[in-house]
Amino acid sequence: SIGAWNFFPELCYTDCVKPSSPITEAIKTPVNAIKKCSSPALGSARTFNVQQDSFVEAATFEDIDTSLAIHSDLLKAERDLVLSWRRSALQAMEKLRILQEQEKHVGASWKRFAISVSNLFAYEKDVETARLGDSKSRRELQMPYRKLQKSTVDDCLRILALQKVERATPSIEAVNAMLSAYVADLSMVRPAVQAYLEGLRQLENEKVVRDSVDEELKAESIDDSSQSLADKIQASLQEVKKQLTTANNESSRSSKSKKVDERRYRQRQQIQSIENRLLVNEALLKDFMTTLCRTAPVRTARMMSTYLEKEMAQCNALHQAAVDMKAKINIGSKETLSKMIQRHHAETKEDRNTELKLVYKIVNIGNSKKFSKDNNEDASEEIEKGVELSQDMKEEEARKTKLRDKAMNLCRDRIGRWDAKVAMAIMEAVGVSDANVRVEETTRDLRMVRKYAIGLRENVERCVEALDLLRMSILQGGAGDIRDLRHDFFGEMRSLLSLTFLPVDDENNSLPFRLLQNEGIDISDRNGWRSHSHGTCGNSINAYIETRDSGTEWLLEALGELLKEYNQRVEAVESFVYMECVGIQLEKHFSQARATALAAFEKKTDITSAINIATRKKMPVLVKELQAKLVAVGADVSHTTVKEAKEAHLESKAFKQELHDLAMRRLTRARETSTERAIALMNIWSKEEEGSASTEKEILEDLVMLLQKSVKKEDYSLYAKACPARI
């Protein structure tokens, strides 16, 4: 950049920093110049070594007789124009400050999301290499992304996140430094012009004093010439007498006359000195202000050119990072992936049918009678083809039917993705009252899979939280949508680059365009920065603003949908835990039921034998007591119930094994695709960044070419001649 070059060294205080001749030193000037320049606009008022009183009204062009100056009209027009530019530059700096803060938040959000995805992939990779349950070993599993290492993915995501963080930072910092230097130069105009006006006021006051003295002397001479001849003779005689009496009177009169002459001479010399200095300073001020105004098109064009070149460099870096990541993570064979996907679809379809049949069998355990009564029981009963139920038993059977239907409906809704509701509904339909599984009843494999499911859900939730934070920072940040902030900033930059005049403080004054045009100052917005016509700079910059991050909202929605689908994978892993728990509870419940039925049947057999013995020995009291105990045991206790309980227990053990096999098949498929969804997240991110960066790069290249064509050779020659760095 040109640096904060002091265009007014004669009118600014002596401790201003002057740039050295080398380009590198000139580039370092802005911050130092802003800190050390002591112009009133930048903090202190020591221009012309005069400390201005804040209560003294500042001089204006309207209050001073501008006929004493040569270029007062031009200086006034240039001052108003520069103040208009300064206001536009300050507004652009304020918009840039807000945009810079929001860009930092967006960059930090992208970084957090990249870290979350990296941790998710690393966790999936650890699970891929672990041995869960009695599943196949890693070598036997078909894992397309087996060779993709955690370090590779971490490096790719780190580089991509770094480019997203620095996507707008270098360009914003560069244009901020150049804007600060530009504002520093524009801010020097007001105190310089004010010092010039104070000089005019001082010259005007001195001339007023001189004119008043001349009027007094002229009045005295007129009084002397109006006296009569006799009075003059009489005064001469008195004067001669005084000369004879006092020798010192003559010397005092001559000294008085000399003092008057000296006073008039010094006054004329002072007025002449002030006038000469004022004319010299006016010429310098006119030269520097005209140079400042004529070089403004090149300086503002360099600001935008530097910004666009930095943006283009960051687009190239982001595009390269996205291409590299996409190439490094897509190492899986397409043929292997296709075969695996087809196999998974076929197995999933088969397992769904198997699951529905298995759940139907589980909820109907013990609902039909399979065995006949024993020979020693009531022989009148034949093989049971059904059960005649009392009213209470009918209500109980209706309740059980309702529970079975509920379990089947829940299973159909969440097939392959069991949760606590499905597991509880199945166990209630079977008749399990205590659904809690104690730790000692679980296996090591079950605990490992449960731990894996918990960790996987935590990592997915972190990704969802990071994505929500990213969406908030982009679409609903503290200062609003970041796209609106960019639009506001470029709106101010268009006003600045157009170099048009906007009245300060809502004044309706106008500039003498003809006078400025004669000095080579063009404020007609010849490049069309404020225009929306095709082919103008304003239309091109609008196209870039609309294209910049235009696909971000779609990308966020796509990533959100992928994370929702990722939850289904988490639920499929959690389903393993719930299936295992249902199998454990089924076996435990029917094992206890079998033991209870066997104990009751043995007790009934013992009581029946005791009754027979007591009857033979004619012990009616004992027989009565034993019959009461027999009634308490229950009429439904028989050898048939024992065999049914045994059969139900054996079925529950078989169902437990079938549930385990089904859950293990699904876990195996989940392990084979453990990193696939995390890679899908990175793929969609890298593809979007690659496409958007490529489109933005093309628009930026056209815009830079258009901007370079808009700068005239004579303007650049003047700028290169006026710039101390001699770029």
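The chain is numbered in sequence order, starting from 1. All values below were derived from every heavy atom in this structure, side-chain atoms included, with hydrogens, water molecules and symmetry-related copies excluded.
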Quick one, E580 with H660, criterion side-chain hydrogen bond (donor to acceptor under 3.5 Å, both in side chains). Give me CA distance, side-chain angles, the key distance, then yes/no.
CA-CA 6 Å; E580 289 288 319; H660 175 76; 2.5 Å; yes
Where do L120 and L456 land on the side-chain contact (heavy atoms from CB on, under 4.5 Å) test, with the steps shown first?
CA-CA 7 Å; L120 177 61; L456 182 60; 3.9 Å; yes
The test is side-chain contact (heavy atoms from CB on, under 4.5 Å); show your working for T673 and M340 and say whether it passes.
CA-CA 9 Å; T673 59; M340 183 187 70; 3.7 Å; yes
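- Between F121 and Q149, the shortest heavy-atom distance links the atoms CE2-O, 3.9 Å.
- Residue D484 holds its CG atom at 11.5 Å from CG of L99, rounded to the nearest 0.5 Å.
- Under 4.0 Å is where a charged nitrogen must lie from a carboxylate oxygen, and between E103 and R486 at least one such pair does.
- Counting only heavy atoms from C-beta outward, the side chains of H589 and M427 never approach each other to under 4.5 Å.
- For I679 against N330, the heavy-atom pair with the smallest separation is CG2-OD1, 4.4 Å.
- A salt bridge does not link K603 with D606: every distance from a Lys NZ or Arg NE/NH1/NH2 to an Asp or Glu carboxylate oxygen is 4.0 Å or more.
- In this structure the side chain of R457 reaches within 4.5 angstrom of the side chain of N567, judged on heavy atoms.
- The closest side-chain heavy-atom distance from T547 to E696 is below 4.5 Å.
- With a 6.0 Å radius and a threshold of 12 heavy atoms from other residues, nucleotides or ligands, K653 has its NZ atom at or below the threshold.
- Evaluated for a side-chain hydrogen bond (donor to acceptor under 3.5 Å, both in side chains) with E124, the options R671, R569, K150 yield exactly one hit, R569.
- Inspection of the E587 and H649 side chains reveals no N or O donor paired with an N or O acceptor under 3.5 Å.
- Look at R483 and E553 and you find a salt bridge, because one of the NZ, NE, NH1 or NH2 atoms lies within 4.0 Å of a carboxylate O, short of that distance.
- In this structure, the separation between CG on L681 and CG on L563 is 5.0 Å, given to the nearest 0.5 Å.
- A side-chain donor from one of K697 and N316 sits under 3.5 Å from a side-chain acceptor of the other.
- Side-chain contact between R167 and R548: present, with at least one pair of heavy atoms (C-beta onward) separated by less than 4.5 Å.
- For the salt bridge (charged side-chain N to carboxylate O under 4.0 Å, His left out) criterion with R669, the lone passing option out of E350, E676, E347 is E347.
- Applying the 6.0 Å contact sphere to NZ of K164 captures more than 12 heavy atoms from other residues, nucleotides or ligands.
- Residue R450 places its CZ atom among 12 or fewer non-hydrogen atoms of other residues, nucleotides or ligands, all under 6.0 Å distant.
- Between the K125 side chain and the L148 main chain, a donor and an acceptor come within less than 3.5 Å of each other.
- S118 places no side-chain N or O within donor-acceptor distance of the main-chain N or O of I115, the cut-off being under 3.5 Å.
- Of the possible polar contacts, one joining the N409 side chain to the D405 backbone as a donor-acceptor pair under 3.5 Å is found.
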Could you go through L662 and M579, starting from their C-alpha distance and side-chain angles, then the distance that decides it, and tell me whether this counts as side-chain contact (heavy atoms from CB on, under 4.5 Å)?
CA-CA 9 Å; L662 177 61; M579 283 185 172; 3.9 Å; yes
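- S575 places no side-chain N or O within 3.5 Å of a backbone atom of E571 that could act as its donor or acceptor partner.
- For the pair Y360 and R404, the minimum side-chain heavy-atom distance is 4.5 Å or more.
- For the pair V106 and S473, the tightest heavy-atom approach, listed with the atom from each and the gap, is CG2-O, 3.7 Å.
- Between W418 and F576, a ring centre-to-centre spacing not shorter than 6.0 Å is recorded.
- In this structure a side-chain-to-backbone donor-acceptor pair under 3.5 Å is present from T668 to M664.
- Without hydrogens or angle criteria, S694 side chain to G691 main chain gives no donor-acceptor distance under 3.5 Å.
- Between W110 and W685, the ring planes are parallel. Angles under 30° get that label, and only those over 60° would be called perpendicular.
- The structure places OG of S591 at 12.0 Å from CG of L586, a figure rounded to the nearest 0.5 Å.
- In this structure, A425 and L410 approach most closely via the heavy-atom pair CB-CD1, 3.6 Å.
- Taking CD of Q163 as the reference point, atom OG1 of T169 lies at 10.5 Å (rounded to 0.5 Å).
- The shortest side-chain heavy-atom distance between T641 and F601 does not fall under the 4.5 Å cut-off.
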Please walk me through it: do S674 and V127 pass side-chain contact (heavy atoms from CB on, under 4.5 Å)?
CA-CA 8 Å; S674 58; V127 173; 5.5 Å; no
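- With a 6.0 Å radius and a threshold of 12 heavy atoms from other residues, nucleotides or ligands, E461 has its CD atom above the threshold.
- N612 places no side-chain N or O within donor-acceptor distance of the main-chain N or O of T615, the cut-off being under 3.5 Å.
- Between the side chain of E355 and the main chain of I415, no donor-acceptor pair closer than 3.5 Å is present.
- Using modelled atom types, one finds a donor on one side chain and an acceptor on the other under 3.5 Å when comparing E672 with H344.
- Between the side chains of Q342 and K339, not a single donor N or O lies within less than 3.5 Å of an accepting N or O.
- In this structure, S692 and E689 have side chains that are in contact, with non-hydrogen atoms separated by less than 4.5 Å.
- Between S109 and L470, the shortest heavy-atom distance links the atoms CB-CD1, 3.5 Å.
- Atom CD1 of I365 is separated from atom CG of L650 by 11.0 Å, given to the nearest 0.5 angstrom.
- If you take CG on L157 and OG1 on T152, they are separated by 11.0 Å, rounding to the nearest 0.5 Å.
- Nearest approach of L403 to E428, heavy atoms of both residues: CD1-O, 3.6 Å.
- Using a distance-only test at 3.5 Å, with no hydrogens or angles considered, no donor-acceptor pair links the side chain of Y452 to the main chain of V573.
- Side-chain atoms of Q314 come within 3.5 Å of backbone N or O of E166 as a donor-acceptor pair.
- In this structure, the side chains of V577 and C581 come closer than 4.5 Å at one or more pairs of heavy atoms.
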